[in-house]
Each structure stands twice: as structure tokens, then as C-alpha cells.
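Here the structure is a predicted model, which is why all the values come from computation and not from measurement. Letters A, B, ... mirror the listed sequences (proteins, then strands); counts begin at 1.
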2 protein chains.
Amino acid sequence: MKNSIKVERAIHNFTQEDLAKKIGVSRQTINAMEANKYVPSTVLALKIAKLFGKPVEEIFQLSEED
Amino acid sequence: MKNSIKVERAIHNFTQEDLAKKIGVSRQTINAMEANKYVPSTVLALKIAKLFGKPVEEIFQLSEED
DNA sequence: ACATAATGTAATGTTTATTTTACATTAACG
DNA sequence: CGTTAATGTAAAATAAACATTACATTATGT
């Protein structure tokens, strides 16, 4: 799965730590998500999408291996 | 988090096992998701939403405790 | 160049998702 | 009523998410 969290963060001028605090996770969790080190839970995806005002599908996309 | 997987399954006339096979998880995983026993990964949410032809937000919704 | 903020990354630990097997209950149908 | 499909549920094991601490690297501003 891919995601455009980094881009959305840039648009909104959020630091990884800003975003982490806003959605209630650690900064490393954000960092790892951006680096595709793991797949976040649906709760996190919903929170992030809500925060950025975009549908989940616009920020998180399935790739072939999914 | 709440979800309407059971309703979507009824609309499409899918059994839990049908859905499980289509998205590549065990039947118990579907059952547990419907019973809100755990939060699925974003990959699963995307697959289920895609299969049912609806946005993730229409099938999975944050609740207060999230 | 220096100081500081932001990011990358790694180790270790805890919690939670997911599988597998198995059995019990319920619904549907002949 | 008996049979079979569908669902609920539970225990044990494995995999993966997420936290915490800590440090190294990169960017930014003065």
C-alpha cells in the first residue's frame, strides 16, 4: 500500500510531530508510515483523511502486492 | 470504530466466507470485524470498500472512543 | 559556521491483528 | 424432523502495529 501523507503534510505545513500529536500516535509511527514500513490501522487512516479533508482513498492506495 | 460490513454483505448477498475469500482473509477475521472485536488494517478497509463499490468512510466510521 | 528543528533509523517491548483448528449455535431447506 | 449451510465463539500461535528511548543525519535560520 502507498500513501501520500508526506505530501499532505507539506500542503498543510505540518511536521511529523505535529501530525503525530493531532492524531494521537508517536512521531516514529508517522515516520514509519511515510516510509511504508507498515500498514496503519483503519482508525488511523480515517483520522488522517479527516484531518486533511480528503477521502481515505485519496491518501491511501492499494498496490499490486496487496 | 463502527462498520457496516454485515449490511453490505447482505446487499451483495455474500456469506462471511465469500467475503473472506474475496479479500484474502479468514472467515473468523470477517466475523470478528463485524462483531467489532478488532480494528482491521487499512489494506483490508480499502479492499472491502472497493469490493462493495463505496468509499471507505461509508463503510467504516470513527466513534467517540477513537 | 553554529545552533536548533526536523527527519531517519534502530532496538526492544507491549499490544493488537490475523490465522488455524475446533466446536457450538442458529438459520434455511428438503 | 433431519440435514446442511451459515454464523458465533474460543484457545493458542504467529505476525504485525505501535510505543519508547536513543542516537545519527539532514535541513533551516541566524
Side-chain angles (χ1 to χ4, degrees):
Chain A
M1 201 196 56
K2 303 182 315 173
N3 72 76
S4 53
I5 296 173
K6 193 170 184 174
V7 174
E8 294 299 327
R9 240 183 357 94
I11 293 174
H12 292 263
N13 211 39
F14 287 167
T15 182
Q16 289 184 345
E17 190 157 21
D18 291 339
L19 178 55
K21 278 181 183 160
K22 280 173 198 287
I23 69 173
V25 293
S26 72
R27 180 181 68 82
Q28 284 76 358
T29 294
I30 301 295
N31 190 287
M33 282 177 48
E34 289 187 2
N36 289 312
K37 293 220 176 131
Y38 59 71
V39 174
S41 75
T42 300
V43 166
L44 289 194
L46 287 171
K47 284 184 178 178
I48 291 171
K50 183 180 180 186
L51 182 64
F52 290 143
K54 293 188 176 173
V56 169
E57 281 86 348
E58 210 165 309
I59 300 177
F60 299 91
Q61 288 147 11
L62 292 172
S63 32
E64 287 70 25
E65 70 264 24
D66 298 319
Chain B
M1 201 195 57
K2 302 182 315 173
N3 71 76
S4 53
I5 295 174
K6 194 171 184 174
V7 173
E8 294 299 326
R9 240 182 357 94
I11 293 174
H12 293 263
N13 210 40
F14 287 167
T15 184
Q16 289 184 344
E17 191 157 21
D18 290 339
L19 178 56
K21 279 181 182 159
K22 281 175 198 286
I23 69 173
V25 293
S26 71
R27 181 182 66 81
Q28 285 75 358
T29 294
I30 302 296
N31 190 287
M33 282 177 48
E34 290 187 2
N36 289 312
K37 293 221 176 128
Y38 59 72
V39 174
S41 75
T42 300
V43 167
L44 289 194
L46 287 170
K47 284 184 178 177
I48 291 171
K50 182 181 180 184
L51 182 64
F52 290 142
K54 293 190 176 171
V56 170
E57 281 87 347
E58 209 165 310
I59 300 176
F60 299 90
Q61 287 147 10
L62 291 172
S63 31
E64 286 72 25
E65 70 265 25
D66 299 320

Engineer: If you assign A:Arg27 and A:Met33 each to the DNA chain D nucleotide with the nearest heavy atom, which residue ends up on the more 5' nucleotide?
Structural biologist: A:Met33
Engineer: Tell me: CG of A:Leu19 to P of C:dA5, nearest whole Å?
Structural biologist: 20 Å
Engineer: Just how far, in rounded Å, is P of C:dA17 from CG of B:Asn3?
Structural biologist: 13 Å
Engineer: Starting at atom CD of A:Glu34, determine the distance to atom P of D:dA17, rounded to an integer number of angstrom.
Structural biologist: 16 Å
Engineer: For a quick test of reading the model: is some side-chain N or O of A:Arg9 closer than 4.0 Å to OP1 or OP2 of C:dT7?
Structural biologist: yes
Engineer: With a cut-off of under 6.0 Å to the ring centre and 45° to the axis, is A:Lys22 in cation-pi contact with A:Phe14?
Structural biologist: yes
Engineer: Can you measure from OG (A:Ser63) to CG (A:Asn36) and round to the nearest 0.5 angstrom?
Structural biologist: 7.5 Å
Engineer: In this structure, how many angstroms lie between the P atom of C:dT19 and the CD1 atom of B:Ile23, rounded?
Structural biologist: 9 Å
Engineer: Select base, sugar-phosphate, or nothing to describe what B:Ser26 touches, counting heavy atoms under 4.0 Å on all strands.
Structural biologist: base
Engineer: I want to verify a distance call: between D:dA19, C:dA6, D:dT7, whose nearest atom is closest to the A:Val25 side chain?
Structural biologist: D:dA19
Engineer: C:dG8 phosphate, OP1 or OP2: any side-chain N/O from A:Lys6 under 4.0 angstrom?
Structural biologist: yes
Engineer: Answer with base, sugar-phosphate or nothing: what part of the nucleic acid does A:Thr29 contact at a heavy-atom distance below 4.0 Å?
Structural biologist: sugar-phosphate
Engineer: Counting only side-chain heavy atoms from C-beta out, which of C:dA17, C:dG8, D:dT7 sits nearest to B:Asn31?
Structural biologist: D:dT7
Engineer: Could you check how far CD of B:Gln16 sits from C1' of C:dA28, rounded to whole Å?
Structural biologist: 16 Å
Engineer: Just N and O in the side chain of A:Thr15: are any of them under 4.0 Å from OP1 or OP2 of C:dA5?
Structural biologist: no
Engineer: Between B:Gln28 and B:Val39, which is nearer to the 5' end of DNA chain C once each is assigned its nearest nucleotide?
Structural biologist: B:Val39
Engineer: Determine, for B:Glu34 against B:Arg9, whether the closest basic-nitrogen to carboxylate-oxygen distance falls under 4.0 angstrom.
Structural biologist: yes
Engineer: State, yes or no, whether a side-chain contact exists between B:Ile30 and B:Ile23 at a heavy-atom distance under 4.5 Å.
Structural biologist: yes
Engineer: Are A:Val7 and A:Phe60 connected in the hydrophobic side-chain network, where two residues link if heavy atoms are under 4.5 Å apart?
Structural biologist: no
Engineer: Could you tell me how far apart B:Tyr38 (OH) and D:dG8 (C1') are, to the nearest whole angstrom?
Structural biologist: 14 Å
Engineer: Closest to the A:Lys37 side chain: C:dT7, C:dT9, D:dG8?
Structural biologist: C:dT9
Engineer: Going from NZ on A:Lys47 to CG on A:Leu51, what distance comes out if it is rounded to the nearest 0.5 angstrom?
Structural biologist: 10.5 Å
Engineer: Taking only side-chain nitrogens and oxygens of A:Ser41, does any of them come within less than 4.0 Å of OP1 or OP2 of C:dA17?
Structural biologist: no
Engineer: Once you round to the nearest 0.5 Å, how far does CG of B:Asn3 lie from CD of B:Glu8?
Structural biologist: 10.0 Å
Engineer: Take atom CD1 of B:Ile5 and atom C1' of D:dT7, then tell me their distance rounded to the nearest Å.
Structural biologist: 15 Å
Engineer: Write down the distance between CG (B:Asn13) and P (C:dA27), rounded to a whole number of angstrom.
Structural biologist: 17 Å
Engineer: Work out how much the helix from C:dA1-D:dT30 to C:dG30-D:dC1 bends between its end axes, five pairs an end, to the nearest 10 degrees.
Structural biologist: 60°
Engineer: How far does NZ of A:Lys54 sit from CD1 of A:Ile59, to the nearest 0.5 angstrom?
Structural biologist: 6.5 Å
